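Okay, structure first, notes after.
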There are 2 protein chains.
Amino acid sequence: MRKRATAKEVAEAAGVSKWTVIRAFTPGASITEASRQKVLQAAEALNYSPNLLARSLATNVTHQVAVFVDDFANPHKLPVLEMLTERLQAEGLLTVLININRHFDHVHALINADQRQFDAVILFGTAFREETLGDRRLGPDFPPMFVLARDSQIPGVPAIACNAELALSQVVDYLFDKGYRRPGFMTGARTLSTALGRRHHYANFWRRKGVESVIELNADRYSADAGAEAARAYLSATPPPSRVDVLMCENDILALGAMDTARSEFGCRVPQDLAVVGFDNIELGATPTYGLTTYEQPTYEMINTIVEMITGARAVEAVTLPGHLVPRLSA
Amino acid sequence: MRKRATAKEVAEAAGVSKWTVIRAFTPGASITEASRQKVLQAAEALNYSPNLLARSLATNVTHQVAVFVDDFANPHKLPVLEMLTERLQAEGLLTVLININRHFDHVHALINADQRQFDAVILFGTAFREETLGDRRLGPDFPPMFVLARDSQIPGVPAIACNAELALSQVVDYLFDKGYRRPGFMTGARTLSTALGRRHHYANFWRRKGVESVIELNADRYSADAGAEAARAYLSATPPPSRVDVLMCENDILALGAMDTARSEFGCRVPQDLAVVGFDNIELGATPTYGLTTYEQPTYEMINTIVEMITGARAVEAVTLPGHLVPRLSA
DNA sequence: TTGTAGGCGTTATCAA
DNA sequence: TTGATAACGCCTACAA
């Protein structure tokens with residue numbers, strides 16, 4: 001197994017010192033065009049390119065960003081990952097996708113991110129409580145962290161997210177104008193602060209409209225299955241006259257599951273018997289089958305904001321951005 | 001900004017040499033329990049952990065695997081990515097997710113993977129023609145490459161995929177037994193060899209059943225939208241009596257789009273007027289709304305096979321694995 | 001078991 | 001502009 005050519009080898013082949021080779025590969029270094037060409041030719045012949053590992057060790061910059069994800073059931077993650085990787089790559093940054101699960105938890109992943117000297121860590125839709133760290137400290141040498149599409153409970157770790165208060169006020173205004181008066185809300189994971197936040201704002205704005213009670217349904221995770229199950233439990237326990245007239249779900253995938261069950265198992269017409277609202281605007285919600293009314297987060301703006309913070313083009317601070325309502329037929 | 005503690009600093013604090021520190025962090029190194037404890041205490045106090053970058057430079061092993069993806073429209077990618085990252089992480093390998101697009105092509109990504117010394121490169125659902133490399137060589141020092149869930153056109157790069165011939169024979173047997181006789185096939189991207197392969201086998205097995213003609217529809221990419229559009233074009237150009245009675249789509253997301261359009265825009269009952277079959281078995285296909293008959297690839301086995309090859313637990317060679325038919329109501 | 005040299009391939013800095 | 005010395009933090013190999 002032949003090894004990669006090194007700057008030293010190229011130097012010998014080109015008859016210069018290895019530092020001249022380095023300069024030929026350093027944009028804006030002072031080197032004559034003659035030496036530069038000599039080096040580039042030798043490099044080409046030896047198939048040389050700089051070893052980024054060694055460079056990172058010397059510069060303390062890896063150009064790698066870790067992205068933590070702990071929920072792969074929501075199809076919405078995929079287009080966001082696409083945008084995120086593309087935007088990062090445009091800045092010369094690669095994405096290390098880290099699957100947070102019970103075998104590989106946040107602490108484990110954070111230590112790893114530290115040891116590998118990632119330039120930044122993005123908690124995408126994930127968050128952990130500070131206590132989880134135990135007595136382990138995240139030193140000042142630690143990669144900067146950001147929370148994407150969630151609020152942050154960790155002091156010093158800014159969240160870049162959709163403005164939930166604005167979002168839910170828009171949703172409730174819309175629903176109220178449409179004439180709905182008996183609202184329900186389905187959460188995915190009961191403990192998540194984002195869930196609590198959305199539910200809280202939802203209930204709050206209904207209250208301002210004079211509607212005091214919001215029925216709460218709980219799915220235990222974020223998937224169509226879980227949404228279906230939660231809807232089934234509610235609908236089979238509640239006779240039609242006392243049912244909610246509009247069900248907002250914490251995200252689209254729950255909403256699709258709920259809508260499926262309501263229609264096929266309980267014969268509900270949507271939106272006449274039960275209106276449904278989601279959150280995220282996933283592709284399948286737009287199909288004529290579902291026609292899901294939903295709320296779209298400003299995904300690109302959020303990603304762009306984080307990337308600018310990572311590259312230093314922008315001050316690091318928590319930011320919430322406005323999204324927009326996507327009205328369709330389901331509500 | 002304080003820097004990370006180094007082995008040398010820990011050594012001074014513990015009153016040993018830095019090599020002893022290294023040994024304390026090397027499983028199976030010869031070191032007395034006493035020194036070991038001394039070192040670990042000092043390390044704890046200084047919040048030390050080995051710098052993986054430096055280790056990689058010295059050992060030529062990064063424990064990072066690049067995964068190339070060029071199609072984020074198919075929701076099926078997500079559960080596969082979940083499994084893949086989990087399985088890799090279980091082996092101590094991190095996943096670098098690389099978005100192949102027109103701003104960042106295969107060659108670019110491969111050079112990068114080489115420079116960063118990734119332990120392996122997985123082409124997930126992506127492939128490129130060897131000519132794309134131009135005169136650039138992939139030296140023997142280059143990270144081993146694997147093609148996942150696709151066939152490989154590159155000599156020396158093994159494909160680990162579902163057995164397409166078996167899959168389509170099972171599908172056609174099933175459809176024939178159900179009484180269908182006028183088959184259609186919808187491809188996503190016309191140029192892809194996988195598409196050609198599936199279509200080829202599909203047509204082939206129908207021929208063996210005595211059905212000579214398979215109508216071909218073409219979507220220009222893999223998304224519900226594209227599937228809907230292709231279906232729309234076909235259905236509006238073809239009066240009911242001359243339409244196919246069963247439409248197999250190259251993957252589920254196309255199938256869902258096609259089914260939506262057939263039902264809502266052309267009033268087709270599925271499967272009575274038009275039966276639909278997909279490929280992948282994505283979560284939403286299982287909902288009562290779609291009830292999509294589909295074919296499930298042996299995802300876990302494929303992933304496991306690749307990971308074993310990467311870790312050296314298994315000989316490197318092309319492998320095709322059997323999947324299984326998932327019959328539902330749509331066909 | 002422990003300490004010592006030398007090397008991994010780059011970058012930073014200074015001298016020529 | 002170019003060459004040289006030192007450093008990045010670790011590992012391998014060898015000697016004590």
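All figures in this text were calculated on a predicted structure; none of them were measured in a lab. The sequence lines fix the lettering, A, B, ..., with proteins before strands; numbering per chain opens at 1.
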| Counting any heavy atom closer than 4.0 Å, what does B:Ile31 reach on the DNA or RNA strands: base, sugar-phosphate only, or nothing? | sugar-phosphate
| Which atom names give the shortest non-hydrogen contact between A:Thr62 and A:Phe118, and what distance separates them? | OG1-CA, 3.6 Å
| task | Round to a whole Å and report the spacing from CG of A:Leu57 to C1' of D:dA6. | result | 14 Å
| field | Sugar-phosphate, base or nothing in reach of A:Lys8, heavy atoms under 4.0 Å | value | nothing
| task | Please determine, for the side chain of A:Ala58, which listed nucleotide (C:dG3, C:dT10, D:dC10) has the closest atom? | result | C:dT10
| task | Taking the side chain as every heavy atom from C-beta outward, state whether B:Asp71 and B:Thr126 have any pair of such atoms under 4.5 Å apart. | result | no
| query | Once you round it to whole Å, what is the distance between C1' of C:dT10 and CG of B:Asn60? | reply | 14 Å
| To the nearest angstrom, how far is A:Asn51 atom CG from C:dC8 atom P? | 12 Å
| task | Could you tell me whether the side chain of A:Trp19 has a donor or acceptor atom within less than 3.5 Å of a complementary atom in the base of C:dT13? | result | no
| query | Whole Å only: how far is the CD atom of A:Gln117 from the P atom of D:dG9? | reply | 8 Å
| query | Relative to A:Phe124, does A:Lys77 satisfy both conditions: NZ or CZ under 6.0 angstrom from the six-membered ring centre, and within 45 degrees of the ring's axis? | reply | yes
| field | Nearest to side-chain heavy atoms of B:Thr32, which nucleotide of C:dC14, D:dC10, C:dT1 | value | C:dT1
| Rounding to a whole Å, what distance do you find between B:Phe25:CZ and D:dC10:C1'? | 13 Å
| field | Rounded distance in Å - NE2 (B:His63) to P (D:dC11) | value | 10 Å
| field | Options C:dG3, D:dC10, C:dT10, nucleotide nearest the side-chain atoms of B:Lys18 | value | D:dC10
| said: Over all strands shown, is B:Ile22 touching base, sugar-phosphate only, or nothing at heavy-atom distances under 4.0 angstrom? | reply: sugar-phosphate
| request: State whether B:Thr20 places a side-chain N or O below 4.0 Å from either non-bridging phosphate oxygen (OP1 or OP2) of C:dG3. | output: yes
| field | Shortest non-hydrogen contact between B:Met145 and B:Pro158, atoms and distance | value | O-CD, 3.4 Å
| said: With a 4.0 Å limit, can you tell me whether B:Ser17 has a side-chain N or O closer than that to the phosphate oxygens OP1/OP2 of C:dT4? | reply: no
| request: Answer with base, sugar-phosphate or nothing: what part of the nucleic acid does B:Ser35 contact at a heavy-atom distance below 4.0 Å? | output: sugar-phosphate
| message | Rounded to whole Å, how long is the line connecting atom CZ of B:Arg116 with atom P of C:dT10? | response | 14 Å
| Closest to side chain of B:Arg23, choosing from C:dT10, C:dG3, D:dC10 | C:dG3
| query | Hey, is the main chain of B:Ile22 close enough, under 3.5 Å, to the side chain of B:Thr26 for a donor-acceptor pair? | reply | yes
| note | When rounded to whole Å, the CZ to P distance for the pair B:Arg55 and D:dC8 reads 19 Å
